[in-house]
Protein chains: 2
Amino acid sequence: MNQRQLVAGGKSSDGGGRPGKNGDGAERHETIYQSISDAIIEHRLKPGARLREDALAEVFGISRTGIRKILQRLAMEQLVTLTPRRGASVTRPTADEAKDVFDARQMVECGLMPEVARRITAEDAQSLRELAVREREALRAGEQSVAIKLSAAFHGRLARISGNATLAAFVERLCSRSSLILAVYGNAGHLGCESHDHDDLVGYLVSGNGERAQAFMSRHLKAIEASLSIHVEEDEAPDLFEIFSG
Amino acid sequence: MNQRQLVAGGKSSDGGGRPGKNGDGAERHETIYQSISDAIIEHRLKPGARLREDALAEVFGISRTGIRKILQRLAMEQLVTLTPRRGASVTRPTADEAKDVFDARQMVECGLMPEVARRITAEDAQSLRELAVREREALRAGEQSVAIKLSAAFHGRLARISGNATLAAFVERLCSRSSLILAVYGNAGHLGCESHDHDDLVGYLVSGNGERAQAFMSRHLKAIEASLSIHVEEDEAPDLFEIFSG
DNA sequence: ATGCCGCTCATTGTATACGCTTTCCGCTGC
DNA sequence: GCAGCGGAAAGCGTATACAATGAGCGGCAT
């Protein structure tokens, strides 16, 4: 019983502290999923970090069964990589994947802007501006982790406004992966620093100017992508012939 | 030992027929996943059909653990729905979901056409035409199940040519869901009957006319969507106030 | 001394056992 | 006769135990 536990450790409101019978099991899983997901997106778990099932099971106070379920979900979202007999590790995106993700964001997020401009309400705009403010505050406070997560949340919520749940979920996953890409290829202290892009974007949207918002989003994403330093590091499977025959 | 088994039941080449020790476990899982996925896409398992873990475990000769893993994967692709204490069933898409899926296909598949036109090779075209031919043959032979799967495969492979693995995977999932939507809202004997759309599309692509291919794809998808009979059946949670106050 | 082989440990993959929730059916009371 | 309640069964959720595999390491032979 002296094991360190998280998630339900703060509340511990399940009567007598019996660890096995906590209220709703599904919510528990969801919370743990969020914890791990956030840790990855906020770069507290860096790409390549191994995620051993035993360790996670002990930390969160559930059995490996539940952990495996969560890891598989994270794997489907490509936040972690499952190597057959080696277990799970935080995904290290390749340069190709990075390009694919940003191309996809260009297509989908830009394509969504007209519809978003048509549907956005005052509350939506307010909520978005709030996210943008908090993002800038976090950035100013030096909390890059929080800023990254807030930026992803901004883009995700934006997509939700379109009303298309399928595309919104896709965008959210692309944003999560983008966070990983930033962790590998991003230049520290250079990501969207202090830029008012998000505020400006909301401005164009509330004024109903979908075309302009679309163009602006395109430039915004291009700027982020351009700020990456894509050094094609071919760690795995280096071409030995190429290397030693030259 | 007298239980019916599938997948590996045909080969039974693992020495003496011991069911537990088949070659590679991962491949086995993949095969079972494909079996269930195909059955859903081909409408041999209809929307709403329950998928009991015990039954599937017995049929495929593995334990419930493996089945659960597969069901969760299918759930993430929204081919099956996992109801908390009720188990899995084939997803019955709502009208809203159907609209979202086709809107998403409009955006992504059409957006991909220019790049596909730029990259398509002779072998690609050949392979696509072959799929189109087989689809028409299946349709003529009355095997709608096969035709539906081939149509999804056509669109999926088309997307792959773009080179963007992320978007291609997304399109493939959208196509799988489209098969489900056809199962619920499609008019029998009316889906793409004998149309040469796919062949024509390949023609535009090999001639490098991305714009035209894009417009054609748009019309193609609109035609499919228009052929649906979206009867908004609100089975679950009927609004009693609405019904009895009117 | 060095290289190869085999051993042991660490870690994942799979199955099974148990508990809990839900549902269905039969019983009893009104 | 019908409605409500209780028990039994079926099926899912979770944990744990066991098996298999790969990696790291030390000993032995050359």
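Letters go in sequence order (proteins before strands), and every chain restarts at 1.
- In this structure, CD1 of B:Ile32 is placed 14 Å from C1' of C:dG13, rounded to the nearest angstrom.
- Taking atom CG of residue A:Leu82 and atom P of nucleotide C:dT14, one finds them 12 Å apart after rounding to whole Å.
- A ring pair (Phe, Tyr, Trp, His ring centres under 6.0 Å) check over residues 155-179 of chain B, counting only residues at least two apart or in different chains, returns the pairs A:Phe170-B:Phe170, B:His155-B:His198, B:His155-B:His220.
- Closest contact between the side chain of B:Arg68 and the listed nucleotides C:dT14, D:dA15, D:dT14 involves D:dT14.
- By the side-chain contact (heavy atoms from CB on, under 4.5 Å) test, A:Leu51 pairs with A:Leu45, A:Leu56, A:Leu71, A:Val80, A:Ala88, A:Val90, sequence neighbours left out.
- Note: CG (A:Leu71) to P (C:dT12) measures 9 Å, nearest angstrom.
- Residue A:Lys69 places at least one side-chain N or O closer than 4.0 Å to OP1 or OP2 of D:dT14.
- The distance from atom CD of B:Glu58 to atom C1' of C:dT16 is 15 Å, rounded to the nearest whole Å.
- With hydrogens and angles left out, the side-chain atoms of A:Ser178 and A:Arg105 include a donor and acceptor closer than 3.5 Å.
- For B:Ser89 and B:Thr81, the side-chain atoms include no donor-acceptor pair closer than 3.5 Å.
- A search for side-chain contact (heavy atoms from CB on, under 4.5 Å) contacts involving A:Asp54 returns A:Arg52, A:Arg64, not counting sequence neighbours.
- Distance, B:Phe60 CZ to C:dT14 P: 16 Å, rounded to whole Å.
- Between the side chain of A:Arg64 and the base of C:dG13, a donor-acceptor pair under 3.5 Å is found.
- No hydrogens or angles considered: nothing links the side chains of B:Asp124 and B:Ser127 as a donor-acceptor pair under 3.5 Å.
- The side chain of A:Arg50 lies closest to C:dT12 when the candidates are D:dC12, D:dT16, C:dT12.
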Within the sub-3.5 Å range, which N or O atoms of nucleotides 7-10 of chain D have a protein N or O partner, and how far apart are they?
none

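- In this structure, the CD1 atom of B:Ile62 is 12 Å from the C1' atom of C:dG13, given to the nearest Å.
- Here the nucleotide nearest the side chain of B:Ser63, chosen from D:dG11, C:dT14, D:dA15, is C:dT14.
- Residue B:Gly66 is out of contact with every strand shown, counting any heavy-atom pair closer than 4.0 Å.
- In terms of the side-chain contact (heavy atoms from CB on, under 4.5 Å) criterion, residue partners of B:Ser37 (sequence neighbours excluded) are, by chain and number, B:Tyr33, B:Ile41, B:Leu74, B:Leu79.
- Among residue pairs with one or both ends in residues 146-174 of chain B, those qualifying as salt bridge (charged side-chain N to carboxylate O under 4.0 Å, His left out) are B:Asp38-B:Lys149, B:Glu42-B:Lys149, B:Arg160-B:Glu172; sequence neighbours excluded.
- Considering only residues two or more places apart in sequence or on other chains, B:Gln106 meets the side-chain contact (heavy atoms from CB on, under 4.5 Å) condition with B:Cys110, B:Ser218, B:Leu221, B:Lys222.
- Distance, A:Ile67 CD1 to C:dG13 P: 14 Å, rounded to whole Å.
- Residue-to-nucleotide proximity on DNA chain C shows that, of A:Leu51 and B:Thr65, the 5′-proximal contact is made by A:Leu51.
- Nearest to the side-chain atoms of B:His29 among the listed nucleotides C:dA17, C:dT14, D:dG11 stands C:dT14.
- For A:Gln34, there are no side chain to side chain donor-acceptor pair (under 3.5 Å) partners at least two apart in sequence or on another chain.
- Atom C1' of nucleotide C:dG13 and atom CD of B:Glu27 are separated by 16 Å, given to the nearest angstrom.
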Just the table, please: protein N/O against nucleotides 21-25 of chain C N/O, every pair under 3.5 Å.
residue: C:dT23; atom: OP1; partner: B:Arg86; partner atom: NH1; Å: 3.4

